[in-house]
Amino acid sequence: MKVLKAALLLLAGCMVGAAAARAADPINVYTIWPENYARPMFQEFEKQTGIKVNFLRFSSGEALARVIAEKNNPRIDVLFGGPVETFAAGIKEGIFAPYKSPSFDKLPARFKQADGLWMAIADDPLVFMTNGAFLKANKLQPPASWDDLLNPAYKNGLQMADARTSGTAVTRIFSVLEVNGRDEDKAFAYLKKLRQNVQVYTKSGGGGTLPVGLGQAAGGIFFIVDALETKAKGYDVVISFPKEGIGTSAEAIALIKGAKNPEAGKKLIDFATGAAMQSKLAEYKVNFVPANPDVKTDASLAEVLKGAKIFPIDDDYAGANRKRIIERWVKEVLPAQ
C-alpha cells in the first residue's frame with residue numbers, strides 16, 4: 001500500500017510538473033503594433049505570468065494575409081494589435097476562435113465583437129501631421145479641413161500609407177468615405193485629387209512620420225500614436241484635425257482558430273484587454289487611448305484630443321467592404337497622377 005501511495009504521489013507530482021511546463025510554454029504572436037510599442041507590453045506579460053512571447057511584426061495587410069495562408073496549420077496563437085477592420089476581414093475568412101476575457105462585459109459595444117472573435121485593447125484616432133517649417137515657409141495654418149490637403153502648396157509633398165499593406169491607410173480611406181456620407185464616387189473623386197499631392201505611399205502606417213519630421217515631406221495622415229512619438233522625439237511637427245471629422249480605429253486582439261497553445265493565448269488576451277496592460281501604455285509613452293474603462297487616458301493625450309471631431313470606423317461596414325475598396329483604390333487612385 002505504501003509503495004502504491006508513493007507511486008501515486010510521484011505520478012501526481014509528474015502531472016503537476018507537466019502542467020506547469022505546459023503553462024510556461026511560449027506563445028507565438030504576430031503583432032501589427034511596431035516592435036517598440038509591442039515589446040514592452042510582452043515583457044510585462046512575461047514578468048506577470050512567466051510565459052514568453054515569441055513575436056514577429058507585420059503591417060496589417062501582411063499579417064492578415066499570413067494568417068489566412070496558414071489557416072490549415074496555424075503558426076501563431078494570437079494576432080495582436082492593428083485596426084479592427086483587419087480583424088473584421090479576418091472573421092470573414094474564419095481565422096479566429098471565440099474567447100471572452102474577464103474584461104469582456106465592461107468593454108463598450110464598439111470595443112468587442114459580440115461572439116468574442118476579437119476584443120479591443122486600445123483606440124487610435126487618425127490625425128493630420130504637418131512639418132512646422134513647411135507651414136511657416138508657405139504662410140499656411142495647420143490643415144483644418146480635408147480640402148486643405150488639396151492645396152497646391154502640398155503638391156508632391158505628402159506621405160501616407162499604402163492600402164495594400166497598411167491598416168492605417170484602410171482607416172484613412174474609410175474616414176474619407178464616412179465624411180462623404182459613404183458616397184463612394186464622391187469619396188474616390190476626392191482621393192484622386194489628393195493623389196496629386198502625394199509624394200509616396202509608404203508600406204507601413206508610420207513610415208512617413210520621419211520624412212515629415214525631417215522636412216523631406218510636408219505632411220501626411222497618421223495614427224496619433226505615431227504622430228505623437230514623432231513630436232516627442234523633438235521634430236518640428238504640428239498635429240491637427242479636420243473640422244469634418246476623422247476616423248478612429250479600435251486596436252484589437254484575437255485568438256487564432258486551431259492555435260497550438262490556446263490557454264496561454266487566452267492569458268495574453270486577459271492581460272491585454274484588462275488594466276494590467278493598458279495601465280502601462282502611458283508609462284511606456286505609447287499614446288493609444290485605453291479601451292478598458294477602468295484605465296484613464298493619459299492627461300497629455302487627452303489634451304491633444306480635446307475638441308477634435310472623431311468618429312469610430314464601423315467595423316462591420318469596413319470588414320464587409322475592405323477588399324473591394326482596396327482593389328478600387330489600387331485601380332483608380334494609385335495610378336492617378
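Index from 1, following the sequence. None of the values given here were measured: they were computed from a predicted structure.
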If you measure from [atom1] on [X] to [atom2] on [Y], what distance do you get to the nearest 0.5 Å?
| X | Y | atom1 | atom2 | answer |
| --- | --- | --- | --- | --- |
| Asp124 | Thr168 | CG | OG1 | 7.5 Å |
| Leu126 | Met160 | CG | CE | 10.5 Å |
| Asn54 | Ile27 | CG | CD1 | 8.5 Å |
| Leu64 | Arg66 | CG | CZ | 12.5 Å |
| Met277 | Tyr284 | CE | OH | 12.0 Å |
| Asp162 | Tyr201 | CG | OH | 8.5 Å |

Strictly distance-based, threshold 3.5 Å: is any side-chain N or O of [X] a donor or acceptor partner for the main-chain N or O of [Y]?
| X | Y | answer |
| --- | --- | --- |
| Gln199 | Asn156 | yes |
| Glu46 | Gly50 | no |
| Asn151 | Tyr154 | no |
| Ser166 | Lys203 | no |
| Ser279 | Ala275 | yes |
| Asp148 | Ser145 | yes |
| Gln278 | Ala291 | yes |
| Lys112 | Met119 | no |
| Asn180 | Arg182 | no |
| Lys106 | Asn292 | no |

Would [X] and [Y] show up in the same hydrophobic cluster when neighbours are defined by side-chain heavy atoms closer than 4.5 Å?
| X | Y | result |
| --- | --- | --- |
| Phe288 | Trp118 | no |
| Leu305 | Val295 | no |
| Ile221 | Val289 | yes |
| Val78 | Phe111 | yes |

With a 6.0 Å cut-off (strictly less than), is the heavy-atom count around [atom1] of [X], excluding the residue itself, greater than 12?
| X | atom1 | value |
| --- | --- | --- |
| Lys285 | NZ | no |
| Lys100 | NZ | yes |
| Glu283 | CD | yes |

Compare all side-chain heavy atoms of [X] with those of [Y] and state whether any distance is below 4.5 angstrom.
| X | Y | answer |
| --- | --- | --- |
| Thr31 | Phe58 | no |
| Phe174 | Ile325 | yes |
| Ile256 | Leu79 | yes |
| Leu194 | Leu158 | yes |
| Glu62 | Tyr30 | no |
| Phe222 | Val212 | yes |
| Leu268 | Val29 | yes |
| Asn36 | Glu229 | yes |

Note to self: Set out, in order, the CA-CA distance, both residues' side-chain angles and the distance that settles salt bridge (Lys or Arg N to Asp or Glu O under 4.0 Å) for Glu327 and Arg324, then state yes or no.
What the structure shows: CA-CA 5 Å; Glu327 287 172 350; Arg324 180 180 61 80; over 6 Å; no

Next item on the list: May I have the step-by-step check of side chain to side chain contact (heavy atoms under 4.5 Å, CB included) for Ile224 and Val304, ending in yes or no?
Entry: CA-CA 9 Å; Ile224 196 168; Val304 174; 4.0 Å; yes

Item checked: Shortest non-hydrogen contact from Ala161 toward Ala169 ->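 Shortest heavy-atom contact: O-CB, 3.2 Å.
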
Item checked: Non-hydrogen atoms of Leu149 and Tyr190 that approach each other most closely ->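 It is CB-OH, 4.1 Å.
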
Next item on the list: Mark yes or no: Arg328 above the aromatic ring of Phe188, with NZ or CZ under 6.0 Å from the six-membered ring centre and no more than 45 degrees from the axis.
Entry: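 Pair Arg328/Phe188 counts as cation-pi.
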
Item checked: Axial cation check for Phe241 ring with Lys309, 6.0 Å and 45° limits ->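 Judged by the rule (NZ or CZ under 6.0 Å from the ring centre, within 45° of its axis), Lys309 is not positioned above Phe241.
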
Margin query: Can you classify the ring geometry of Phe87 versus Phe96 as parallel (below 30°), tilted (30 to 60°) or perpendicular (above 60°)?
Written below: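 Rings of Phe87 and Phe96: parallel, under 30°.
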
Item checked: Aromatic ring proximity Phe80/Phe42, centre distance under 6.0 Å ->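 They qualify: ring centres under 6.0 Å apart.
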
Next item on the list: Please report the C-alpha distance between Asp25 and Lys52 in whole Å, then the side-chain angles of each, then the deciding distance to 0.1 Å, and finally whether the salt bridge (Lys or Arg N to Asp or Glu O under 4.0 Å) criterion is met.
Entry: CA-CA 7 Å; Asp25 283 347; Lys52 180 175 172 53; over 6 Å; no

Notebook entry, point to check: Are Asp123 and Arg110 close enough for a salt bridge, meaning some N to O gap below 4.0 Å?
Noted result: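 Salt bridge flag = yes for Arg110 with Asp123.
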
